[in-house]
Structures are given as structure tokens and as C-alpha cells.
Student: 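My questions will all concern the structure given below.
Naming convention: chains lettered A, B, ... in sequence-line order (proteins, then strands); numbering from 1 in each chain.
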Amino acid sequence: MESIDPSAVNREKHRKNEGLRDLPGDTSEVVLRFAPNPNGPLSIGHSRGVVINSKYAEDYEGKMVLRFDDTDTKVKPPLIEAYAWIEEEYEWLSGRPADVIVKASERMPIYLKFARKMIEKKLGYVCRCKAEDFRKIREEKTNCHCRDRSTEENLHDWERMVDGKIVEGGAVVRVRTDMTLPNPALRDWPALRIQHSPHPLVGDRYKVWPLLDFQSAIEDHEQGVTHIIRGKDLMDSTRKQTILYDNFGWTYPETLYWGRVKVNEFGGFSTSSIRKSIEEGKFSDWKDPRLPTIKALKERGFEAQSLREFWSDIGLTQKDISISMKTIESFNSSIIDSKCERRTFVSNPVELDLETEVKIGGVKIPRHPDKKILGNRNWEIGKSILIQSSDLDTEHLRLKDFANIEISGTNFSIHSYDRIDNRKIIHWIPSNLSKKCILAIPIKEELAETTGFIEDFELRIGEVYQFERLGFARVESIDDEQVRIVWLHN
RNA sequence: GCUCGUGUGGUGUAGUUCGGUCCAUCAUGACGGACUCUCGAUCCGUCGACCCGGGUUCAAAUCCCGGCACGAGCACCA
């Protein structure tokens, strides 16, 4: 300790801080949560929430709650399969399952109990105003007449709401705040509303459902959540919920925010809009490589680790950001490069015949150029080969890992095996080792297809290969006729 | 309109709490080079930023005031 280099201390400020910044407040027993709406599987945007929260939980040896916010049966109704999908995707992204998994729809008795308590204590009231009428009242900072009714009248209406005797839109429970509050969002905000449509998990048992701000607030308290990390669009939620916590005498968790994220390559996708597009047949399913879903990224060959590194690198800032898949791809490349065997794909092929009668044996080409994967691909060369027509701009070429050749017309002859000059090196495949192949490239909402031939050497479905001079792609299917591969990235 | 938040290279990000050590960090990108029998990997180099205007100070990305820009909330969605 005595020999600290002063210049190193001075330079401390210059170095970029690694990892996430410290969590505020008491961090002795951290409980965090990730709370998606199960109206579809997770998308790339959700992965930030999973990664950041689970990383904090790991750093502080805390707990993670995976909570399904499924209290809307109408506008964004739950998708029954999504619960299991999200559990899997959560585990894939964070590398471990959540410590606690809770579905809001299973916890309805708790929410309804607190709602009743709130009315009994005059902390909330049943409001029979129409939504548009209340909007005006909120703007004018006046009180609606529902506000002053007796507790008995309120409880009576509450029972009728719960029993399904009031139609949807006929009443709402509000948290009593102060109608003169400067922030209009906080003025007597709605906590529960009536929805008569059945819930896929609990059926039509409940007629009154809590809204996010109420449900989330109660559940965070029930679970002992210490830190909430949410989008900054939910800043007013924090303020609303703090009022509720004060009313109940609870202490609100520490709250951190992130800004909006836009992924350049994907337009304005929302879970609901994707769901609609799939139903319309615009996409095959949630795994369609053109979609920004975790399922699609996984299917295409992205590693969870690349998302973890990417989001950790971005960290937690309130800035609205535009990110590019290129950055995620570069993280992914560096992770998978050493794990992927090389193969050859020749697009727009031209077949060349060997002129001379030379007897050629097999050629051994490494599975990985840096020997990260040992072994060779053994090629038996027949009398013809395939090269890319775009490489045919000169007669003097070198077939990579094999020989210098001279081309005339559709014939070629071997000039030398050793590399004796600097002629262009191209990739190629012997015709007898080639198989028809379709390369599908997701570009925005299109799926461009290139036809060519693939090196038919120990190909495995689901495996990602690096195609020489091209980039990474994953084998989607293989049959007697052809192979289909899906483009990943450079 | 009201309320809240954010402004550092093309894109992200560090530094802003407690002004100097910042002619501003790192990654990604673009460009160039070396090496390699891939347009991959590796290595080297170059490019490029503190929203604007005042103020305080010996000294401001950092503090103060005033603008401007962008985003979000004000849903019986989450």
C-alpha cells in the first residue's frame, strides 16, 4: 500500500468505469424485479430490463422477481403461451432462472383487499364520472362530486363493481390526492377499473382489475422490492405510487430510470403490432428472423452473452438513444468467431472444368484458420469446381488453400500449387462436394434470398458457420434437394 | 397548456456529486497500413465531441443565470 504510483491515481478519472454504477440506498438485501406484460414473447427492448436487473441482482447477491403484469384483459390481453416463453427467455438472457415468479392475475385477492382498505380509509373513492368528463375536471383543478360521497356509498358502489353489476366504463376507483397538484398526472389518479372480458388464466372470476400503477405498487411492497429500474416514461408512476405508499405508511423503493431505446434496423415494433402482423401472415411466427424478438435473435444465432455485454456497456442513462444492431453484432462476432467452423458458400456460381488430366488427391482445409477448432475439412476434388461469377474478372486466380489457376472460357488449368505470386485469392468448392443452397438475408421487413451452392461437408442443422469471405450464417434446414441458411452478420 | 426529464465525436459511453491532474475515456464506426492462403481474426495508425449565450473564477464539460433542441407523462394500456 505504501508504493502507490501517483500518476496512476491521477489517471483514474481518464479511465472508463467498468460495469454498472452503484445502486443507491441500502443495498444489504437487494430485491429487484422485471415485470413484463405477457401479451407476447420478449423483444430486444425487454432484454435491457432483464440484463440490467439481473446483473445488479448478481453484483449485490440479491434476488430477482419475475412478475407478469397481466391485469389487462382487453387492450393488451395476455397470450397464454407467453408466460412460459418469457420464463425461458428470461433464463436464457440472464443465465439463471428468476428467484421468484409471480403472476399478477393470481394475486387479485390482495389487490382487491387493498383497494377496499383504501376506500374504507377514505384514501380512495369510487368515481362514476365518464373518462372525458374527468379529464376536464382534472384540467380545471376542480373536484368531481363523487369525491365527497360517504364511505358507505363508496363501499356500496365498490361491491357492485366487484359483483359485476356496473358496466365497463361505469366506474373507476381513484386514489385521493389533491386536485390542485401542479402535475396533472397525479390528480386523483385511477387505480382500478372494470373489465368484464375473461382472463385466459383466471377466467371471468374478477370484474374489477387494477391498473399498472396500483397493482405494481402493491406487489412491489408485497415482494419487498428495494430497487426499481424502469423507463423514464414511468417517472410519474413513481410519483403516483409514492403518494400511495405514503397513504399506507410504506417506504417507496429506490428508483432508477433509463431512457427510450430505438433500434435503427427495426422500425416502430410493439408487441401488439407484431402479434397483429403475424396473425395477418406478414411474418411466419415470433421467431421470424426479421423480427426484433429474443426468439428471433436466438434462432438466428445470437448468443445471450452478446446482449449482456451490449447492455452493460450502455449502462443506465436517462438519455434517449438510437442503437444499431451493428454494435450488438460486433459483440456477437467476437464471441462466436472462435467457436464457428468455416465453410464455403458460392453465390451466383460458375462451373469451371479442369482441362488437364492431372491426378489430384484430396485437399485438407482447416475447420478453423487459427486452430481454435482442430481438424480439417477433407475435400476430394473431381473434374470441375464452382466459383463465384463476381470473381471471374481475371484469368489468373488462386483457389484458396489449393492452387493457382489459369482460366480460359469455362475451363481452367493448374498453374502451380504454391503461392508464387500475389494473384487474388478466392473461395471455391469442388462440384462434387456442392449442394444447392438458399441464403436468406433479413433486411428490414424483407427477406432477400440468394441462391448458390454450399460446401456439403458435415453440415448440421442449427449450427452457425462462418462462410469464407462472407460472414456468419446459420443452417436452418437440410433436405435431399437443398440447404437453407439464414444470414446472421459479418 | 401543465408537469417531468435529457443534451459529450457518425453511434453509444466515461468524466459532472467535491471546478484544475480533461489540448476529454473506452467501445463501435469510417478510412489507411501490417500480418494472415477469407472481405474473418489479430496488430498499428488516422478521423471525429463537451447544445447555445452570458456570468463567477487564476482555472468551467463540471458551478450560476438565461435561451434552444429533443423526449416522456397528463389512458378506465403496460
Student: Check the phosphate of B/rU13 against A/Thr317, side-chain N and O only, distance under 4.0 Å to OP1 or OP2. Yes or no?
Tutor: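 Checking A/Thr317 against B/rU13: at least one side-chain N or O falls below 4.0 Å of OP1 or OP2.
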Student: How about A/Trp428 and A/Phe402: are their ring centroids closer than 6.0 Å?
Tutor: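 When the ring centroids of A/Trp428 and A/Phe402 are compared, they turn out to be within the sub-6.0 Å range.
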Student: With a cut-off of less than 4.0 Å, is there a side-chain N or O of A/Thr71 near OP1 or OP2 of B/rA78?
Tutor: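 It does, given that an N or O in the side chain of A/Thr71 lies less than 4.0 Å from OP1 or OP2 of B/rA78.
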Student: Please report the distance, rounded to the nearest Å, between NZ in A/Lys319 and C1' in B/rU13.
Tutor: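 The answer, rounded to whole Å, is 7 Å.
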Student: Rounded to whole angstrom units, what separation is found between the CD atom of A/Glu265 and the C1' atom of B/rG12?
Tutor: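 After rounding, the gap between these two atoms is 13 Å.
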Student: Say whether A/Asp72 and A/Gln195, considering side chains only, have a donor N or O and an acceptor N or O under 3.5 Å apart.
Tutor: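 Result is yes, a qualifying pair exists.
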Student: Expressed in whole Å, how much space separates the P atoms belonging to B/rC63 and B/rU21?
Tutor: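 Going atom to atom, P in each nucleotide, I get 15 Å.
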Student: Provide the distance between the two C1' atoms, one in B/rU42 and one in B/rC18, to the nearest whole Å.
Tutor: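 It comes out at 43 Å once rounded to the nearest Å.
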Student: For B/rA78, does OP1 or OP2 lie under 4.0 Å from any side-chain N or O of A/Arg193?
Tutor: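 Yes, A/Arg193 has a side-chain N/O under 4.0 Å of OP1/OP2 on B/rA78.
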Student: Calculate the interatomic distance between A/Ile274 atom CD1 and B/rA78 atom P; express it in whole Å.
Tutor: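 So the CD1-P distance, A/Ile274 to B/rA78, works out to 19 Å.
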Student: Can you tell me how far C1' of B/rA78 sits from CG of A/Leu212, to the nearest Å?
Tutor: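 Going from A/Leu212 (CG) to B/rA78 (C1'), I get 5 Å.
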Student: Let's go through A/Arg160 and A/Asp163 carefully: what are the C-alpha distance in whole Å and the side-chain angles of both, what is the deciding distance for salt bridge (Lys or Arg N to Asp or Glu O under 4.0 Å) to 0.1 Å, and is it a yes or a no?
Tutor: CA-CA 5 Å; A/Arg160 291 179 62 220; A/Asp163 292 343; over 6 Å; no
Student: What's the closest nucleotide to the side chain of A/Arg21 if the choices are B/rG5, B/rA14, B/rG12?
Tutor: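 Among B/rG5, B/rA14, B/rG12, the one nearest the side chain of A/Arg21 is B/rA14.
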Student: How about A/Tyr83 and A/Asp70: does a side-chain donor come under 3.5 Å of a side-chain acceptor?
Tutor: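 On atom types as modelled, these side chains qualify, holding a pair under 3.5 Å.
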Student: Contacts to RNA chain B from residues 172-191 of chain A, heavy-atom cutoff under 4.0 Å, which residues?
Tutor: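 Contacting residues: A/Pro182, A/Asn183, A/Pro184, A/Ala185, A/Pro190.
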Student: Would you mind telling me which of A/Asp391, A/Leu399, A/Leu470 makes a side chain to side chain contact (heavy atoms under 4.5 Å, CB included) with A/His427?
Tutor: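 Of the listed residues A/Asp391, A/Leu399, A/Leu470, the side chain to side chain contact (heavy atoms under 4.5 Å, CB included) partner of A/His427 is A/Asp391.
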Student: Without hydrogens or angle criteria, can the side chains of A/Ser324 and A/Thr327 be said to hold a donor-acceptor pair below 3.5 Å?
Tutor: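 Per modelled atom types, A/Ser324 and A/Thr327 side chains form no pair under 3.5 Å.
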Student: What is the distance, rounded to the nearest whole Å, between atom CE of A/Met325 and atom C1' of B/rG29?
Tutor: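 Distance check: A/Met325 CE to B/rG29 C1' gives 16 Å.
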Student: Would you kindly give the CD-to-C1' distance between A/Glu329 and B/rG12, to the nearest whole Å?
Tutor: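 Those two atoms, CD and C1', are 15 Å apart.
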Student: Please determine, by modelled atom types, if A/Gln466 and A/Asp337 share a side-chain donor-acceptor pair under 3.5 angstrom.
Tutor: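 Note: A/Gln466 and A/Asp337 side chains meet the donor-acceptor criterion.
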Student: Can you give me the dot-bracket string for RNA chain B, 5' to 3', counting Watson-Crick and G-U wobble pairs with both distances under 3.5 Å, using [ ] for crossing pairs and | for partners on another strand?
Tutor: (((((((..(((.......[.....)))((((((.......))))))...(((((..]....))))))))))))....
Student: With A/Arg474 as the cation and A/Phe302 as the aromatic partner, state whether NZ or CZ is under 6.0 Å from the six-membered ring centre and within 45° of the axis.
Tutor: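 No cation-pi geometry.
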Student: Any chance the side chains of A/Arg67 and A/Ser216 put a donor and an acceptor closer than 3.5 Å?
Tutor: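 There is such a pair (donor and acceptor under 3.5 Å, judged by atom type) between the side chains of A/Arg67 and A/Ser216.
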Student: Classify every nucleotide of nucleotides 36-46 of chain B by which part a protein heavy atom approaches to under 4.0 Å, writing B for the base, S for the sugar-phosphate alone and - for neither, in 5'-to-3' order.
Tutor: -BBBBS-----
Student: Starting at CD of A/Gln318 and ending at P of B/rC4, how long is that distance when rounded to a whole Å?
Tutor: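 Result: 14 Å.
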Student: Rounded to whole angstroms, how far apart are CG on A/Asp70 and P on B/rC77?
Tutor: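 The distance from CG of A/Asp70 to P of B/rC77 comes to 15 Å, rounded to the nearest Å.
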Student: If we take the C1' atom in both B/rA69 and B/rU8, what is their distance in whole Å?
Tutor: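 Their C1' atoms lie roughly 15 Å apart.
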Student: Quote, to the nearest angstrom, the C1' distance that separates B/rG9 from B/rC22.
Tutor: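 My reading of the C1' atoms in B/rG9 and B/rC22 gives 15 Å.
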